[in-house]
Amino acid sequence: MTIAITGASGQLGQLVLNRLSEQKNAEPIVALMRTPTAASLNKGETRRFDYNKIETLIPGLTGVDTLILISSSEIGQRVTQHRNVITAAQSANVKRIIYTSVLHADVSALSLADEHRATEAALKASGLAFTILRNGWYTENYTASVKAALDGGAFIGSAGNGLISSASRADYAEALAITATDFSHDGKIYELAGDTAWTLAELAAEISQQSGKKIPYLDLPTNEYAQALIKFGLPDGLASAIASWDSAASRGALFDDSHQLSALIGRPTTGLAASVASALA
């Protein structure tokens, strides 16, 4: 069985490649990416694969049995891009698709959810076997700001006391590798999130404890948080989106206590303390 991975040069894609290549009796792997020279990959074959260039899609999927469709990073274009991939998979006789959706996509208030709902619907209508992994937030989405918080003297956000059930990218990558190599997951939808939820105030406290520097959490109105992100150099649209996701988190959009991720990977998910330690290293 040949397994292909879209977005293979990205942070999650690289982790999935590594995890698959480490497995005993590893299956042949095809790394799909927009620019094959963008990363040095020694885990298998690399092929050009551009969501927006349909002519690259069917050749990229030739001979592929299982496709890991890591959702596109181009918010606002995902529905068309993902449908292009699904159509190409049908034409190339791909047998099954593993898709990375978002936590509770069917009911989520996150602005991201609409595109994931549309992709899930396209998968269900495709006639292909599928597994949908509704991923919660990566802890790295927040710990990437740890050093900035140390420099600025506070961790800022708009999530209030909302609980965030995050897990590390490595945790989610392991779930992808497991489902891609086990047909018993076909037809299933998993809500994947970390075992232990936390608030941004608790994240700030953890940063304080590990760094030895007092870092409070400063909760801002959504618009003020977006403006602060713009001042840090983020594009207006992205800053507004990130602030809106925090606002949704304050209303429970990033919370889940079903423990499906740890059950799937057979171990506890990576805790907040370990993720902060990695960010500080």
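None of these values were measured; they are calculated from a predicted model.
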**OP:** Answer yes or no: are there more than 12 heavy-atom neighbours, outside K53 itself, under 6.0 Å from its atom NZ?
**Re:** no
Original post:
Under 4.5 Å between any side-chain heavy atoms of L261 and N135, yes or no?
Top reply: no
**OP:** For the pair I178 and L176, evaluate side-chain contact (heavy atoms from CB on, under 4.5 Å) and give the outcome as yes or no after the intermediate values.
**Re:** CA-CA 5 Å; I178 288 169; L176 277 166; over 6 Å; no
Original post:
For T56 and D50, does a side-chain donor sit closer than 3.5 Å to a side-chain acceptor?
Top reply: no
**OP:** Take R34 and E74, measure what salt bridge (charged side-chain N to carboxylate O under 4.0 Å, His left out) needs, and give me the verdict at the end.
**Re:** CA-CA 13 Å; R34 183 174 298 173; E74 296 181 74; 2.6 Å; yes
Subject >> L128-L67 co-clustered via ILVMFWY side chain contacts under 4.5 Å >> reply: yes
**OP:** Step by step, work out the side-chain hydrogen bond (donor to acceptor under 3.5 Å, both in side chains) result for W245 and S158.
**Re:** CA-CA 9 Å; W245 301 337; S158 292; over 6 Å; no
Original post:
Is the closest side-chain heavy-atom distance between Y172 and T100 below 4.5 Å?
Top reply: no
Original post:
Is D257 close to S165 at the side-chain level, that is, under 4.5 Å between some pair of heavy atoms?
Top reply: no
Subject >> Backbone of N52 reached by a side-chain donor or acceptor of Q81 within 3.5 Å >> reply: no
Original post:
Does the pair S21 and I29 meet the rule for a side-chain contact (heavy atoms from CB on, under 4.5 Å), with working shown?
Top reply: CA-CA 8 Å; S21 66; I29 303 169; 4.2 Å; yes
**OP:** Measure across L192 and L103 and return the closest heavy-atom pair with its distance rounded to 0.1 Å.
**Re:** O-CD1, 3.7 Å
**OP:** Output yes when a side-chain donor or acceptor of E45 lies under 3.5 Å from a complementary backbone atom of A31, and no otherwise.
**Re:** no
**OP:** Take I98 and L69 through the test side-chain contact (heavy atoms from CB on, under 4.5 Å) and record every step on the way to the result.
**Re:** CA-CA 6 Å; I98 317 297; L69 174 53; over 6 Å; no
Original post:
Rounded to the nearest 0.5 Å, how far does CG of L218 lie from OH of Y225?
Top reply: 11.0 Å
Original post:
Hey, does the side chain of S240 reach the backbone of G237 with a donor-acceptor pair shorter than 3.5 angstrom?
Top reply: no
Subject >> Side-chain heavy atoms of L280 within contact of T143, under 4.5 Å >> reply: no
Subject >> Q260 side chain vs Y190 backbone, donor-acceptor pair below 3.5 Å >> reply: no
Original post:
So if you build clusters from Ile, Leu, Val, Met, Phe, Trp, Tyr with side-chain heavy-atom gaps below 4.5 Å, do I5 and V94 land together?
Top reply: no
Original post:
Side chain of R96, backbone of G187: donor and acceptor closer than 3.5 Å?
Top reply: no
Subject >> Between CG on residue L17 and CD on residue E22, distance to nearest 0.5 Å >> reply: 10.5 Å
**OP:** To the nearest 0.5 Å, tell me how far S72 OG sits from H82 NE2.
**Re:** 5.0 Å
**OP:** Determine whether the side chains of Y217 and D219 contain a donor N or O and an acceptor N or O closer than 3.5 Å.
**Re:** yes
Subject >> Verify same cluster id: I75, V85 (apolar side-chain graph, 4.5 Å) >> reply: no
Subject >> Test item: Q14 side-chain N/O and Q11 main-chain N/O as donor-acceptor pair under 3.5 Å >> reply: no
Original post:
Just checking, any donor-acceptor pair under 3.5 angstrom between side chains of S247 and R251?
Top reply: yes
**OP:** Evaluate the side-chain proximity of T222 to D246: yes if any heavy-atom separation is below 4.5 Å, no if none is.
**Re:** no
Subject >> D182 (side chain) donor-acceptor with T179 (main chain) under 3.5 angstrom >> reply: no
**OP:** Please report the closest heavy-atom contact between S101 and A105, naming both atoms and the distance.
**Re:** OG-CB, 3.6 Å
**OP:** Check S91 against I58 and note the closest heavy-atom contact, atom names and distance.
**Re:** CB-CD1, 3.6 Å
Subject >> I164-V102 co-clustered via ILVMFWY side chain contacts under 4.5 Å >> reply: yes
**OP:** Look at the rings of F155 and Y142 and say which category their plane angle falls in: under 30° parallel, 30 to 60° tilted, over 60° perpendicular.
**Re:** tilted
Original post:
In Å, rounded to the nearest 0.5 Å, how long is the span from CD of Q227 to NZ of K231?
Top reply: 7.0 Å
Original post:
Is the backbone of A177 close enough, under 3.5 Å, to the side chain of R19 for a donor and an acceptor to pair up by distance?
Top reply: no
Subject >> Nearest atoms (heavy-atom pairs only) where A248 meets L110 >> reply: CB-CD2, 3.7 Å
Original post:
Does the side chain of T6 pick up a donor-acceptor pair with the side chain of Y51 at under 3.5 Å?
Top reply: yes
Original post:
So do K213 and S208 actually touch side chain to side chain, heavy atoms under 4.5 Å?
Top reply: no
Original post:
Side-chain heavy atoms under 4.5 angstrom apart, residues restricted to Ile, Leu, Val, Met, Phe, Trp, Tyr: same cluster for L133 and L12?
Top reply: yes
Original post:
Does some side-chain heavy atom of L123 sit less than 4.5 Å from a side-chain heavy atom of Y99?
Top reply: yes
Original post:
Quick one: CG on D171 to OG1 on T270, what's the gap to the nearest 0.5 Å?
Top reply: 3.5 Å
Original post:
Got a donor-acceptor contact below 3.5 angstrom from the D65 side chain to the T2 backbone?
Top reply: yes
**OP:** Say whether, by atom type as modelled, one donor and one acceptor occur between the side chain of S9 and the main chain of M33 under 3.5 angstrom.
**Re:** no
Original post:
Side chains of R78 and H116: closer than 4.5 Å at any heavy-atom pair?
Top reply: yes
**OP:** Look at D106 together with R134 and state whether they make a salt bridge at an N to O cut-off of under 4.0 Å.
**Re:** yes
**OP:** Might you work through the salt bridge (charged side-chain N to carboxylate O under 4.0 Å, His left out) test for E115 and R117, ending with a clear yes or no?
**Re:** CA-CA 5 Å; E115 291 181 302; R117 280 191 284 265; over 6 Å; no
Subject >> L272 and T139: CA distance, side-chain angles, deciding distance, side-chain contact (heavy atoms from CB on, under 4.5 Å) verdict >> reply: CA-CA 7 Å; L272 182 62; T139 310; 4.1 Å; yes
**OP:** Quick one: closest heavy-atom pair of I215 and A149, and the distance?
**Re:** CD1-O, 3.7 Å
Original post:
Between A226 and A239, what is the shortest heavy-atom contact and its length?
Top reply: O-CB, 3.5 Å
**OP:** Count the heavy atoms belonging to other residues, nucleotides or ligands that lie under 6.0 Å from NZ of K188, then report whether that count exceeds 12.
**Re:** yes
Subject >> Approximate separation, where rounding is to 0.5 Å, of I207 CD1 and K214 NZ >> reply: 11.5 Å
